[in-house]
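Letters A, B, ... are given to chains in the order of the sequence lines, protein chains preceding strands, and every chain is numbered from 1.
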Amino acid sequence: MKLAKLFASLLLQGCVFLFSATGLNAQDLPETKSERVFKGKALYGFMNGGSDLFLEYGFEELIALEVKYKGNDFTVEVYKMPSPEDAFGIYSQHTFKCDPADAGKCPDCTSPMQFQTAMGNLYITVVYTSASADAAKSAPELAEFFFTKYGKEGKAVIPDTVLSEISNGEKITQRLKYARGAISLSNLNSSVMPSVEGLEGYSAWLLDGGRTMIYIDLQSPDSLSKALKNISDAGEDFPFSVTYEKDSILILKMK
Amino acid sequence: MKRRDFFRFVSLTGAGLALNPVVKAAETSPLFGADDKPATNIKDAIAIPRVKESMPGLYPGRVVRVTNPASVIDGVPSSDAAYTMLKESMLKLTGEKNLKKAWRKFVSPKDIVGLKVNPVAGKTLSTSHAVTGAVIRQLEEAGIPKENIVIWDRREMQLHEVGYTKENYPGITITGTECMDEKGSFYNAEGKLYSEERVEKNQYFFADVEGVHDDYTIPYMVNGGKYSYFTKIATEKVTKIINIPILKNAGPTTTLCLKNLAFGAITNTSRLHGKLWHETCAYVCAFPPIRDKVVLNIADGLIGCFDGGPGAKPQFICNYNTLIVGTDPVAVDRVGHDIIIKKRIAEGVQKEDNPKASRFIDMAAELGLGIGDRTKIELYEIG
């Protein structure tokens, strides 16, 4: 378990940068062609209905940039979140069919024409229009550059119960997701929703999309009681077996 | 009756309301009036008499889908392919052999024709210039002067960002409800939002949900409170609307014709995304500025997405290589919804269709805006 903890700390705390953004040559610095900033609910001005998911995680600010870097054009979106957990959480919502490469670095993944990462309190996505290998190679450099410019180092606190299920060498992007309310949790696993019906303020870690474990922090004994009653009301249809920890932690495992 | 007077008309015809069969049907439907749903003024909309152009237009339930695998070349929609696909759609939809005659069934040279595009997801997932360009070319060939064509959306800035500019579309008006000046300010010298001048406060969608916006947000919402005002682009500027949405998802549901119109035509929308998303998609389209002016829907599915919407997430963007065309926005939405859900299932995003995800289609059908029942849709597939 210590190894697992160390591993996760490396992933979610101080990411090991391959490139020194601050050490870029002047001619290599990204040229910002446009920059827009959206704070709080002004995110609706950028993505309308898609904002609800980000706002549920406590979204604070988006810096949306069009930049030119090493001859290629990029669209960079830097999302400032209230905590490293929330940055990882919103990142984890966007990793479907995204090839993870986060062994030893920050959680990050690459899909055609896009690089995504969670660094400290930032979720960063870099989209490139050219399919060249150069553009793909430059995308993580840009993410690191903008993390240095806008981000704060921070450590996501993962519960020991969850960490103990992750082995050394496993890619956290593949295994772990984090939800912060009804929209994010239902996106990740809708079958768990009857248990949190009528509840607010909870968060959840999901291992393997919830197939291995869902660890829900309900925040209060009262909410735990309500969740247990919800599960009892759902009866045999509820697909998880249930245990709980402390006063407000619900642990669900697939039957 | 002037459209802008319709609320006055409603208040004067309260007695007639009870006799309106559509109102009765709506009131008894389980889709409406659920206990936990905030109240709205949908009854006001239903009470306004329909006109012959009202949704679902000339061809209720008829949808043409044209597919061309070569419609996107190296990631860029082909203008030539879009033109041909649109032509085939229009001829099939109308049964005409002459393209000009097909278009003139919907618009005349006297009309101010608004093209409601969707630029919200940025350059990678907006209504394509290939399709918009094809519509403009065919309108001009049908005798509609360029100066009578308006490309519009709620956000003028986003139109410009994705290339809907006067440089790219010379002679055509490009406008949005929410706008800023050349210095990038949303406010005029008197400190008033420019966009306030662009909304019609006598025409509104009321919902008993308070919109509370901070200083950062208000330029994108125009106003707070419980009213969402219609844009003057729809109420005054244009006489006909051609709706050109994109084939994309929004979470577990889909957004095509109805969503593009509803959320694109009113202010103060963020409050409507929660409990009233489906209702808003359907209800707003039942108000005269939309219901009576939209003559054609052309869902641009050359490039679309199956997940990550309504924003643009590159891993979920795909080439559907298709156009879906009809006068009936509900039927087009049903066809498009099924295409996206089929793709989501094939890609492993979900296992089956959840009927709740298309509640807005059922609601719109119940409001008489079109046909949502798959068995009653007359679908023609070309290619």
Side-chain angles (χ1 to χ4, degrees), chain A residues 33-56 60-62 64-66 73-75 77 79 93-99 109-116 125-131 136 139 181-184 186-188 190-191 198 209, chain B residues 74-76 118 120-125 154-155 157-158 161 178 184 186 211-221 224 248-253 255 259 263-264 268-274 277 280-281 306-318 344 347-351 354:
Chain A
K33 293 155 75 178
S34 77
E35 177 179 315
R36 292 173 295 154
V37 176
F38 300 86
K39 295 187 178 186
K41 287 185 179 177
L43 189 61
Y44 282 109
F46 183 74
M47 62 169 76
N48 286 346
S51 309
D52 293 333
L53 178 66
F54 285 79
L55 291 166
E56 189 175 76
E60 292 177 347
E61 184 175 328
L62 163 66
L65 306 118
E66 300 285 334
D73 292 320
F74 298 86
T75 300
E77 292 165 17
Y79 296 87
Q93 291 277 345
H94 294 96
T95 56
F96 181 75
K97 294 207 169 180
C98 195
D99 186 25
C109 66
T110 302
S111 48
M113 320 293 265
Q114 186 183 32
F115 172 80
Q116 300 178 81
T125 149
V126 182
V127 174
Y128 32 103
T129 49
S130 160
I183 301 171
S184 52
S186 61
N187 269 0
L188 299 174
S190 58
S191 56
Chain B
D74 295 332
V76 180
N118 188 326
V120 75
K123 285 178 186 169
T124 48
L125 195 60
R154 60 184 293 183
R155 296 200 175 118
M157 309 80 76
Q158 290 182 334
E161 283 158 17
E178 298 149 33
F186 290 105
V212 181
H213 312 302
D214 57 27
D215 290 347
Y216 293 115
T217 312
I218 200 73
Y220 303 105
M221 293 294 130
K248 61 179 182 175
N249 80 299
T253 184
T255 79
K259 167 70 167 26
F263 280 81
N268 193 20
T269 53
S270 62
R271 70 199 175 101
L272 304 170
H273 280 284
W277 190 89
T280 303
C281 288
F306 60 90
D307 201 16
K313 303 292 176 196
Q315 71 265 41
F316 305 125
I317 293 175
C318 60
R344 285 170 68 83
E347 295 284 345
V349 178
Q350 66 186 77
K351 289 179 182 168
N354 178 353

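- For the set E66(A), K97(A), Q116(A), the count of heavy-atom pairs under 4.5 angstrom toward chain B peaks at K97(A).
- Within the 4.5 angstrom heavy-atom criterion, atoms from both the backbone and the side chain of N48(A) approach chain B.
- Shown here for K313(B) and F54(A), the closest heavy-atom pair between the two residues is NZ-CZ, 4.5 Å.
- At a 4.5 Å heavy-atom cutoff, the contact between E347(B) and chain A is made by backbone and side-chain atoms alike.
- Heavy-atom minimum distance, T217(B) versus A42(A): OG1-N, 3.0 Å.
- Between C109(A) atom SG and Q315(B) atom CD the span is 7.0 Å, to the nearest 0.5 Å.
- Centroid-to-centroid, the aromatic rings of H273(B) and Y44(A) come within less than 6.0 Å.
- Only the side chain of Y220(B) has a heavy atom closer than 4.5 Å to any heavy atom of chain A.
- In this structure, P310(B) and G50(A) approach most closely via the heavy-atom pair CG-N, 3.7 Å.
- For N354(B), there are no side-chain hydrogen bond (donor to acceptor under 3.5 Å, both in side chains) partners, not counting sequence neighbours.
- There is no contact between T269(B) and chain A, counting heavy-atom distances below 4.5 Å.
- Using a 4.5 Å cut-off between heavy atoms, M157(B) makes no contact with chain A at all.
- The contact between F38(A) and chain B is made entirely by side chain atoms (from C-beta outward), counting heavy-atom distances below 4.5 Å.
- Here R36(A) is the residue among M113(A), R36(A), Q93(A) with the most heavy-atom pairs under 4.5 Å with chain B.
- Within the model, atoms CG of D215(B) and NZ of K39(A) stand 11.5 Å from one another, a figure rounded to the nearest 0.5 Å.
- With a threshold of 4.5 angstrom between heavy atoms, F263(B) does not approach chain A through any atom at all.
- Atom CZ of F96(A) is surrounded by more than 12 heavy atoms from other residues, nucleotides or ligands within 6.0 Å.
- Summarising the geometry, atom OG1 belonging to T124(B) is positioned 9.0 Å from atom CD belonging to Q114(A); distances are rounded to the nearest 0.5 Å.
- In this structure, chain A has no heavy atom under 4.5 Å from any part of V76(B).
- Going from atom NZ of K41(A) over to atom CZ of R271(B) covers 12.0 Å, rounded to the nearest 0.5 Å.
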